[in-house]
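Remarks on the structure that follows.
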Amino acid sequence: VKEIIFIDMKKLLLFISTVILFAGCTEMTVDTDKVSSRVSLNPSFVVAVSGEVNLGDLIQPGDTILDPRDTILFDETGLMKIFVYEDSLVDLSVSDFYSGFPDESFSGTYDILSTGSELIEESIEIDPGTDIELKTMKITRGDISYSISSTCTFPVDLVLTLNGVYDETLNPIEQSIPIGANSTANGIVNLDGALADFTLDASQPYNRMVVSGLVTPGGNGSEPMGSVSININVPEPEYDYVTGYFGMQTEGEENDTIDLDLGELFAGNSNAFYLANPIMRMHYRNSFGLPIVISPEARGVTEGEPPVNLNRAPVNLVYPASVEAREEESTFVIDKDNSDLPDIISMLPDQIIIGGSVTTNPLGDVGQDNIVFSDSRLTADLEVEIPMEFWMDNLVLSDTIDSFLLPDEDNGESLFDYIDQFELRMFINNGFPLGGKISITLYDSASTSVMSKIETGDFFDPAPVDANGVVTSPSEKSTVIT
């Protein structure tokens, strides 16, 4: 019969006391010539032997924990728990999803009359990558360079305006550029602290910067028509944040390996346990302001056995919803209710291989702008908690007691020579919520053979438990084996 166990160290005591009755010698004077050979002496001598079996008997000497934070502790109810930690199980930066855009440029030549103003307007295309649509960018440092050449025989004034690009006071950024007759003017428009809007081109409200130039000729109308050539270079600026849509992208995580050392911890009893309530907690920090789904994967691996998979559904992560809230922090749980984690842990695997993938915008473009900061990052640490709450079946706990009846010297007399009666009186104080039997074996260490064996059958009762499966009091039983 299987029982659910909540191990309470205050009650985890299986106490066995053994009383040995045997004939011994006392100091007296006997005339052996007058005593019949059938006469014997019958004083009783009692030796008490006691011992206990507790959870320490499940843990082998020399067991170690790999991470300094890995530990075994007891909560306020006395329930023992094993904790294992793994740092940086997930570590993604902005370069995993957005690599910026290459330097963009624009060139155009326009005929100019010697009188009257002319407005020139063009869009500069930005290519941030497949399925990425930039809408706004907060620039920390950057500039646009220009070279404007005129073939006119008269001077020309040009006001270059970056439509939708605003300085820190939210005024449009523009620059007045005087150009002499048959001359070239070179310069830079500073964009430090600017906010750029790439949505002003109605035919494509993303990835485009609209640039206009108001050309005012300085002629008197008698000069022949000339031309103005405009060349603009747009390198990618340093930015604080970018908004838009960053596509549905999937990034696979490299597999990591966790060694729980449970096989060593429960050596000799691995087939008796089913750890019923292990928990993995994935604690993450996310500064990507866009929908992200993480698909955790894990499998337990033991040599000679088929692997056991986690089977956990994907998890939607919380994320920043504005440029003011730059990071969200949260935790999601993997446990018996949403995965096959107990099956993995209970196989006492040699290793647990952890992996998975991260997908951005799993539902596609839902109309809500993404936000990516220059230092956006997704990191996640793993905590494995294994409460000692388990199914137990056919658990065997054993101990060996050296015989106290053997002589101290090889040629000495053995107390066995004087034993007339042998009784084993046992008192059982059982704090486990399961019954069991006791087997006593007389073992010859010299010949490594079993000399005799006593089986008690169903011997002691389970300790009573409450509605939560917690032991309320130990069960007790005493008996005499002759």
Atom of Y319, atom of G289 and distance for their closest heavy-atom approach: CD1-C, 3.6 Å
Under 3.5 Å, which donor-acceptor pairs do the side chains of residues 323-332 form with other protein atoms, sequence neighbours left out?
{"unit_1": "E324", "atom_1": "OE1", "unit_2": "S322", "atom_2": "OG", "d": "3.3"}
{"unit_1": "R326", "atom_1": "NH1", "unit_2": "D240", "atom_2": "OD1", "d": "3.4"}
{"unit_1": "R326", "atom_1": "NH2", "unit_2": "D240", "atom_2": "OD1", "d": "2.9"}
{"unit_1": "E329", "atom_1": "OE2", "unit_2": "H283", "atom_2": "NE2", "d": "2.8"}
{"unit_1": "T331", "atom_1": "OG1", "unit_2": "H283", "atom_2": "ND1", "d": "2.8"}

Min side-chain heavy-atom separation L158-I148 under 4.5 Å: yes
Nearest non-hydrogen partners of L214 and S117, listed with the distance: CD1-CB, 4.2 Å
side-chain contact (heavy atoms from CB on, under 4.5 Å) partners for P314, two or more places apart: V293, S295
More than 12 heavy atoms from other groups under 6.0 Å of CD on E251: yes
Residue list, ring pair (Phe, Tyr, Trp, His ring centres under 6.0 Å) with F198, at least two apart or on another chain: none
Any side-chain heavy-atom pair of V358 and T250 under 4.5 Å: no
Residues that D96 engages under side chain to side chain donor-acceptor pair (under 3.5 Å), provided they are two or more places apart: none
Selection residues 278-303 - residue pairs positive for salt bridge (Lys or Arg N to Asp or Glu O under 4.0 Å), sequence neighbours left out: R281-E383, R281-E385, R285-D381
S376 side-chain N/O to S287 backbone N/O, donor-acceptor pair under 3.5 Å: yes
Any residue meeting side chain to side chain donor-acceptor pair (under 3.5 Å) with Y166, in chain and number order, not counting sequence neighbours: none
Residue list, side-chain contact (heavy atoms from CB on, under 4.5 Å) with L195, at least two apart or on another chain: K138, Y241
Donor-acceptor contact present, side-chain S107 to main-chain N231, <3.5 Å: no
Set of residues satisfying salt bridge (Lys or Arg N to Asp or Glu O under 4.0 Å) with respect to R312, sequence neighbours excluded: none
Lys/Arg-Asp/Glu bridge criterion (N-O < 4.0 Å) met for D369, K135: yes
Listed partners of T161 passing side-chain contact (heavy atoms from CB on, under 4.5 Å), at least two apart: V159, N163, E174, S212
Expected output: side-chain N361 to main-chain D365 donor-acceptor under 3.5 Å: no
Partner residues of L363 under the side-chain contact (heavy atoms from CB on, under 4.5 Å) criterion, sequence neighbours left out: V366
Side chain to side chain donor-acceptor pair (under 3.5 Å) against D103, all qualifying residues, sequence neighbours excluded: none
Any L134 side-chain heavy atom under 4.5 Å of F101 side chain: yes
Listed partners of D91 passing side chain to side chain donor-acceptor pair (under 3.5 Å), at least two apart: R377
Least distance between heavy atoms, N190 atom then I173 atom: O-CD1, 4.1 Å
For E104 against D127, the heavy-atom pair lying closest together: OE2-N, 3.0 Å
Minimum-distance pair of heavy atoms, taken over all atoms of N338 and D335: OD1-N, 2.9 Å
Heavy-atom side-chain contact between F106 and V234 under 4.5 Å: no
